[in-house]
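Protein chains get the first letters and strands the later ones, always in sequence-line order, with residue 1 at the start of each.
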Amino acid sequence: MLSFCRDSAWKYLQSTHLGGDRTYSHYTSRDFSSQFGLEDFLCTDDIPGTDEDTDSAVLFGTLRGNVVGLRYYTGVVNNNEMVALQREPNNLYDKNAVKVNNVNGNQVGHIKKELAAPLAYIMDNKLAIVEGVVPYGAKNAFTMPVQMSFWGKEENKQTVLDKLKMHGFKLAPPSKSNWVSGRAGPSYSAPGHAAVQMTTEQLKSEFDKLFEDLKEDDKTHEMEGAEAVGTPLLPHQKQALAWMVSRENSKELPLFWEEKNSFYYNTLTNFAEKERPETVLGGILADDMGLVTMCSALVNLNTELLLFFFFSVVFVISFQNKGLSVQSVKKNDSEEGPRTTLIICPLSVLSNWIDQFEQHIRPDVHLNIYVYYGPDRSKDPAFLSKQDIILTTYNILASDYGSRGDSVLHRLKWLRVVLDEGHTIRNPNAQQTKAALNLEAQRRWILTGTPIQNSLKDLWSLLSFLKLKPFTDREWWHRTIQRPVMLGEQGALRRLQALIKNITLRRTKTSKIKGKPVLELPERKIFIQHVTLTEEERKIYQSVKNEGKAAISRYFNEGTVLAHYADVLGVVLRLRQLCCHPHLCTNTSSSSESTPEELREKLVNKMKLILSSGSDEECAICLDSLNLPVITHCAHVFCKPCICEVIQSEQPNAKCPLCRNELRVEHLVECPPEESDSSIEKKGDREWISSSKINALMHALIDLRKQNPAVKCLIVSQFTTFLSLIETPLKESGFVFTRLNGSMAQKKRVQAIQSFQDSQTGSPTIMLLSLKAGGVGLNLTAASRVFLMDPAWNPAAEDQCFDRCHRLGQKQDVVITKFIVKNSVEENMLKIQKKKRELAAGAFAAKKLTVSEVKQTKINEIKSLIDL
DNA sequence: ACCGCCGGGTGCC
DNA sequence: ACCGCCGGGTGCC
């Protein structure tokens, strides 16, 4: 049965993404490659052995032990209730102490010391995860039994068994009845009622269906927009609105809770308490139309909701009351409780929210909207709590939260917190996630196009944010849902489905309302235009390629390819740059030993290369854009706060999350004060030359202008310096253009977007856009042509970029041109992309890969990239 | 009796 | 704890 774990469906579910673990040491080559934007190309499933992932755990066996000292603690349990075992190394009486807590986190007792001794060793060395259930005797006065399950990696099994044996304990071998079910006890997994395992296909298809259109009445019911909303709502918006309003007014017990003789029981953990578990007022809006329309639609929806609560009347009344006006607002002022909605979004979407509020709220309705952003942001709680809406970004939230967690945003209580692009918080260890989870709010919403990106694990932070008991604690989520689902238990999958259904609204591009598609968009066509390098360009390309090839061949011969990954990717990066323009490739070939100052400079250069390549500006720890980037001696770039936290928590022997090299705070090199403009100018000092790609682009642009001078274009590249180089011929040919970079200040961004979207003659017809400059929300519908100057590793990133103009509001067909250099790494990238797409879309029958096979795949991909 | 046995005091880690 | 364990009291039959 366990062999199931190793097949592909399991892999699919367990994902290649980072997920919830306690240590940083499981960061794998995937994150490593993400520094170079290769994350989706290399198919880097976690390499076993570097991964502390609990999902790869198997059940070693079970053991009956005793909980003692019950009379000293207030925590109570029920028979068959799950309990948590927690190490208490600072216990005065026994450094091996292991606490036993109930689901609510209240201490029930301790594990008897004889057993605690081996347990402490096992837990401290992370040899196994130990989980407990109290089978009976819950009402005992002094001691009670506890049935323990030991889960861990196969290779640790023997150590665990030996350690226990040394202390005279022996695990009962795993048997079906006690491992299949994630449930707490026999009352829920009666023998003979054992869970049915699903086939790979079933599991995959069930998982895909998790977020499919839900046909319940409460989700197809429509609701009219508030009077205060200036624009009429589309049917799917009305639906969503109705659903959201019903969620915010819900009086229902949360899922998996039952009321039983004046107690509230959790059916997953068998936990019971007198206090009613809080109803989750909110949920997840997971419209994948998001990529096209959802920003505007959701903002619209949220405006409604905000207004709805703002006016503090039942929605139905508010739209019946045609005379709704500012007076109603006043009424709210006297009421108790928080009145402010806090919206957190990526910086790239911030201006969209502002725009949308401006566009959709009737001008005579006054809302206090404050953008909590920038160095001068007000930190006056009195002022902030008077706002109706506060907009801020994840980075601001996280940096305010800092290490002490006492920011003004965290001191205030909110009427509502809305997380836009909610998957931003999928990494439980990220500072942004921690900061978001610690906000106090009455109502909580998550907007995301991708609720589960790759893994069930991604869901935990979201549920935790929603304060869905008992999942706020990762252990209960893992024990009751995540692991049982991974193990293919049908009951668990049903529970998960019920849960998702209960709290999410999802419509897809293909969703229909009353037989009509929710959304109709103009066509989108993609053309690939091949570019041939000039002889001179080809010479340079070939020489760099040969040099790189030689180095990589050497690594192959030495068998150290994976160890030299950074260098390999560096070669690939340089080749990609050379396809665009010879000046992009600033040679950073590493030479032998050097002085600390030289080393420092080299590191700074390397960091700048990574930052300016535009290919990826993510920190592998928080998975978000780099905040105060620093580079380690092993040449990996992280947010300073993120890496400092890692170093802090792993003291004294902190290791790089990416390569496990030794790390020290004093070795971190910071990015010197921004001189991006001057560095561009420096490059400008170099005499400008064109390139084949630029020629191809200019040719197309001039042609287009002849046909229709009003057509607007996006010129997209991952390399911001390339965009700078393109500026010169644009100016020469008299194009009016604007530009949007990831690094631009908010004000400038807004300006750039507004001027581009403007339809007046004389407004810019071209926008230079860095591939990842904008989040999902960025609205550039003025453009109907896109020129993608260089292929992205991640086809999804390309699609997301195209969707910035191919979205609601686009009236014309969108034509996309991808420039691809013939006989180059770019063509190989396309091939690999295609292969990957087919693999993802096709049958899910791909065989399980062994460690060596995974490595071989990677090596093959490197080979095919540089024609080895 | 450097034992056994009795029965009171006592009780997590 | 209606247990175990500890350590003091005690001691032929």
- For A/Lys112, report the nucleic acid contact type (base, sugar-phosphate, nothing); a contact means any heavy atom under 4.0 Å.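 Sugar-phosphate, backbone atoms only, no base.
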Between [atom2] of [N] and [atom1] of [X], the distance in whole Å:
X	N	atom1	atom2	result
A/Asn66	C/dA1	CG	P	14 Å
A/Leu115	B/dC12	CG	P	17 Å
A/Leu70	C/dA1	CG	C1'	12 Å
A/Glu114	C/dG4	CD	P	14 Å
A/Asn140	C/dC2	CG	P	13 Å
A/Met144	C/dA1	CE	C1'	15 Å

- Query: So, does the side chain of A/Tyr72 form a donor-acceptor pair with the base of B/dC13 at under 3.5 Å?
  - Reply: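 No pair found.
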- Message: Applying the 5.5 Å / 30° rule, does A/Phe142 stack onto the base of B/dG11?
- Response: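 Not stacked: fails the 5.5 Å / 30° test.
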- Message: Work out how far the P atom of C/dC6 is from that of C/dG11, and round it to whole angstrom.
- Response: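 So the two P atoms sit 24 Å from each other.
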- Item | Separation between the P atoms of B/dC5 and B/dG9, rounded to whole Å |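 Those two atoms are separated by 22 Å.
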- Query: For B/dC12, does either OP1 or OP2 sit under 4.0 Å from a side-chain N or O belonging to A/Lys113?
  - Reply: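 Indeed not, no polar side-chain atom of A/Lys113 lies that close.
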- Residues which pass ring-ring contact (aromatic ring centres under 6.0 Å, His included) with A/Tyr121, listed by chain and number, not counting sequence neighbours: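 Testing A/Tyr121 for ring-ring contact (aromatic ring centres under 6.0 Å, His included), a comparison that skips the adjacent residues, returns none.
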- Item | Residues in ring-ring contact (aromatic ring centres under 6.0 Å, His included) contact with A/His167, at least two apart in sequence or another chain |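 Here no residue qualifies.
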- Just jot down the salt bridge (Lys or Arg N to Asp or Glu O under 4.0 Å) partners of A/Lys113, sequence neighbours excluded, or say none.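 If we apply the salt bridge (Lys or Arg N to Asp or Glu O under 4.0 Å) test to A/Lys113, skipping adjacent residues, there are no hits.
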- Item | side chain to side chain contact (heavy atoms under 4.5 Å, CB included) partners of A/Asp473, counting only residues at least two apart |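 Expected list: A/Glu475, A/Trp476.
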- For A/Leu496, does its backbone N or O pair with a side-chain atom of A/Lys501 as donor and acceptor, under 3.5 Å?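 Pair absent, no side-chain N/O of A/Lys501 close to backbone of A/Leu496.
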- Query: Is the closest basic N to carboxylate O distance between A/Glu489 and A/Arg494 below 4.0 Å?
  - Reply: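 Salt bridge flag = no for A/Arg494 with A/Glu489.
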- Pairing residues for A/Gln158 by the side chain to side chain donor-acceptor pair (under 3.5 Å) criterion, not counting sequence neighbours: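 Counting only residues at least two positions away or on another chain, A/Gln158 forms a side chain to side chain donor-acceptor pair (under 3.5 Å) with A/Asp162.
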- Taking a pair as Watson-Crick or G-U wobble with both distances under 3.5 Å, which nucleotide is matched to C/dG11?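 B/dC3 - that is the nucleotide pairing with C/dG11, both distances being under 3.5 Å.
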- Can you list, by residue number, the residues of residues 85-97 of chain A that have a non-hydrogen atom closer than 4.0 angstrom to DNA chain B?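 Only A/Asn91, A/Tyr93, A/Asp94, A/Ala97 qualify.
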